[in-house]
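Notes follow the structure.
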Amino acid sequence: MTLATSLSADVVIVGGAVMGSSAAYHLLADSGFKGRVIVVEKDPTYQLSASALSAASIRQQYSSAVNIRISLHGIQFLRGIGDHLAVDGERPEIGLREGGYLYCATEAGEQVLRENQALQAAEGADILFLQPDELKSRFPWLNVEDLAAGTWGRSGEGWFDGWGLLQAFRKKARSLGAEYVKGEVAEVERDGGAITAVRLKDGTRIACGTLVNCAGSGGRAIAAMAGLDIPVRAKRRYVFTFACKEPVENCPLLIDTSGAYVRPEGEGHFICGASPEADMDPDWHDDDPASQEIDHAFFEEFIWPSLAHRVPAFEAIRLGRAWSGPYDMCLLDHNAIIGQAGEFKNFYLCNGFSGHGLQQAPAIGRGLAELVVHGGYRTLDLSELGYERVLANRPLLERNVI
């Protein structure tokens, strides 16, 4: 749309990738909402967004009930995406493949895996606890010599087209009336305990009844404009691709005991990655190409040896393309910060997903819409992820961080 000098909306959402577009869709799909929604997106190509650059997967293998419930809703939404997000009879396709996650554990990690699986099963997730012989029976190519156990998602976990999900949410939101404005927020205006407007770098002012911060790697900066310091930092993550001639049949998304992960990406092809140690974890900046460079030594020295140990077939591979992307990490506990921003009655946070954004977008978008329209959660209570835990320095610790 053509920018005007002054605009106004009932809800302004900063960030139009998967989380912002999910929030816009859920707002406009709520029968109790009759207002105007403007989504401000600084880069409509989304070429540097986590939504477009991540490994795009979904799991229920978390150690906290709220995250398990979020993903149980997520998988149901993704399974029915053609019904939920169809526009004019055109049903989106995201290539959902429920190949499962496989977490591996040595003796030192076996009890944690056992406790996590018990909670996941109690919440209704289809996760199996497997002994080494059971692992070898299901996955003959797997080296289990140093493993004590594994947990595998028999259904409800897998991977999909993250770009397709982003575009489906965006297209549906626009069909319901969401207006997308290209621009970068330079200032957040406030009057006491209320946000009154955002001002873009080109001078456009957008008055708002409610402001929602879905700015991804820029989320901390938006919060700071309102005087809030949220513990979210944009980090850099790498995704590497490779081909393997030897068959690795029915490969799930495998998380090795080292922390390295790998999953199939077409016949004989795979993608992989890992989170580096904290003291070797580089920052990401959208406007700095140097911060987006790829550390190929990380693959050569850590990821490949770890995966080749776990899957001997990966000793002989052909490396393909690689890319880096942003990872908005919550330093408090690797969990998202969702909901009302402290003293502000009309400012909502949606930040710090620590790699979980795509899979959590359906439930989080719905929850944000419920807060804005109804003043509270109506379906799934997300209050454990609220900003209050940040103010109280009360982390919601997650044992299963990739």
Side-chain angles (χ1 to χ4, degrees), residues 55 57-64 67-68 71 99-121 125 127-154 157-159 235 237-240 242 244 246 248-265 270-281 295 297-317 327 329 333-334 354-356 397-402:
S57 53
I58 183 168
R59 60 182 167 114
Q60 281 86 52
Q61 292 193 59
Y62 290 95
S63 65
S64 54
N67 280 327
I68 298 168
S71 281
Y101 271 62
L102 174 60
Y103 272 86
C104 298
T106 61
E107 185 175 346
E110 178 182 3
Q111 185 58 31
V112 169
L113 215 60
R114 189 182 296 276
E115 291 171 3
N116 289 348
Q117 188 273 338
L119 174 63
Q120 293 150 11
I127 311 299
L128 303 183
F129 184 90
L130 303 174
Q131 302 288 352
D133 59 335
E134 296 173 302
L135 288 170
K136 194 67 176 179
S137 176
R138 287 184 179 274
F139 310 110
W141 38 263
L142 187 69
N143 174 16
V144 301
E145 291 180 357
D146 58 342
L147 296 183
T151 49
W152 171 60
R154 180 167 51 185
E157 297 187 317
W159 48 92
K235 295 295 183 176
R237 289 294 180 268
Y238 315 111
V239 178
F240 299 93
F242 65 87
C244 178
E246 187 173 337
V248 182
E249 296 180 352
N250 300 315
C251 183
L253 195 156
L254 167 68
I255 298 95
D256 182 47
T257 56
S258 65
Y261 73 84
V262 63
R263 73 160 173 84
E265 181 75 350
F270 299 85
I271 68 173
C272 62
S275 293
E277 296 294 330
D279 60 348
M280 297 292 290
D281 198 358
D295 183 0
F298 186 54
F299 175 83
E300 297 283 346
E301 298 170 8
F302 175 70
I303 296 176
W304 185 16
S306 299
L307 296 180
H309 169 73
R310 188 60 55 212
V311 183
F314 291 160
E315 292 178 0
I317 62 172
Y327 182 95
M329 181 190 294
D333 54 17
H334 293 269
S354 305
H356 308 148
L397 293 179
E398 177 57 57
R399 288 165 154 178
N400 283 2
V401 176
I402 301 175

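- Shortest non-hydrogen contact noted between F314 and C244 is CD2-SG, 3.9 Å.
- When all heavy atoms are compared, the tightest approach of A148 to P132 is O-CD, 3.3 Å.
- Summarising the geometry, atom SG belonging to C104 is positioned 9.0 Å from atom CG belonging to D146; distances are rounded to the nearest 0.5 Å.
- Proximity of a side-chain donor or acceptor of D279 to a complementary backbone N or O of D281 within less than 3.5 Å is not detected.
- Among all heavy-atom pairs drawn from C272 and I303, the shortest one is SG-CG2, 3.8 Å.
- With no hydrogens or angles considered, a side-chain donor-acceptor pair links Y101 and S57 at under 3.5 Å.
- Centroid-to-centroid, the aromatic rings of W152 and F139 come within less than 6.0 Å.
- For the atom pair OG1 (T151) and CD1 (I127), the distance works out to 7.0 Å, reported to the nearest 0.5 Å.
- Checked by atom type, the side-chain pair Q60/E157 shows no donor-acceptor distance below 3.5 Å.
- For V248 against A313, the heavy-atom pair with the smallest separation is CG2-CB, 3.9 Å.
- Because its NZ or CZ atom is both nearer than 6.0 Å to the ring centre of Y62 and within 45° of the ring axis, R59 counts as a cation-pi partner of that residue.
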### Audit row: I255, L102, side-chain contact (heavy atoms from CB on, under 4.5 Å) steps and yes/no
CA-CA 6 Å; I255 298 95; L102 174 60; over 6 Å; no

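- Although no hydrogens or angles enter the test, the distance criterion places no donor-acceptor pair under 3.5 Å between the side chain of R237 and the main chain of P276.
- Going from atom CG of L128 over to atom CZ of R138 covers 5.5 Å, rounded to the nearest 0.5 Å.
- Between the side chains of H309 and D256, not a single donor N or O lies within less than 3.5 Å of an accepting N or O.
- A ring-ring contact (aromatic ring centres under 6.0 Å, His included) with F240 is found for one member of F299, Y261, F298 and no other, namely F299.
- Judged purely by atom type and a 3.5 angstrom limit, W141 has no side-chain atom pairing as donor or acceptor with the backbone of K136.
- Of all non-hydrogen atoms in F242 and I317, the two that sit nearest each other are CD1-CG2, 3.6 Å.
- For P252 against P264, the heavy-atom pair with the smallest separation is O-CD, 3.7 Å.
- Between the Q120 side chain and the S63 main chain, no donor and acceptor come within less than 3.5 Å of each other.
- A salt bridge links E110 with R114: the closest approach of a Lys/Arg side-chain nitrogen to an acidic carboxylate oxygen falls below 4.0 angstrom.
- The distance from atom SG of C251 to atom CG of L142, rounded to the nearest 0.5 Å, is 9.0 Å.
- Under the 4.5 Å side-chain criterion, counting only non-hydrogen atoms from C-beta, R310 is in contact with L254.
- Expressed to the nearest 0.5 Å, how far OG of S275 lies from CE of M280 amounts to 14.0 Å.
- Considering only heavy atoms from C-beta on, L119 comes within 4.5 Å of I68 through its side chain.
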### Task
Determine, stepwise, if the pair W159 / L253 fulfils side-chain contact (heavy atoms from CB on, under 4.5 Å).
CA-CA 8 Å; W159 48 92; L253 195 156; 4.1 Å; yes

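- Without hydrogens or angle criteria, S306 side chain to F302 main chain gives a donor-acceptor distance under 3.5 Å.
- Within the 4.5 Å cutoff, the side chain of Q61 has heavy atoms near those of the Y103 side chain.
- One finds the OG atom of S354 at 11.5 Å from the NZ atom of K235 (value rounded to the nearest 0.5 Å).
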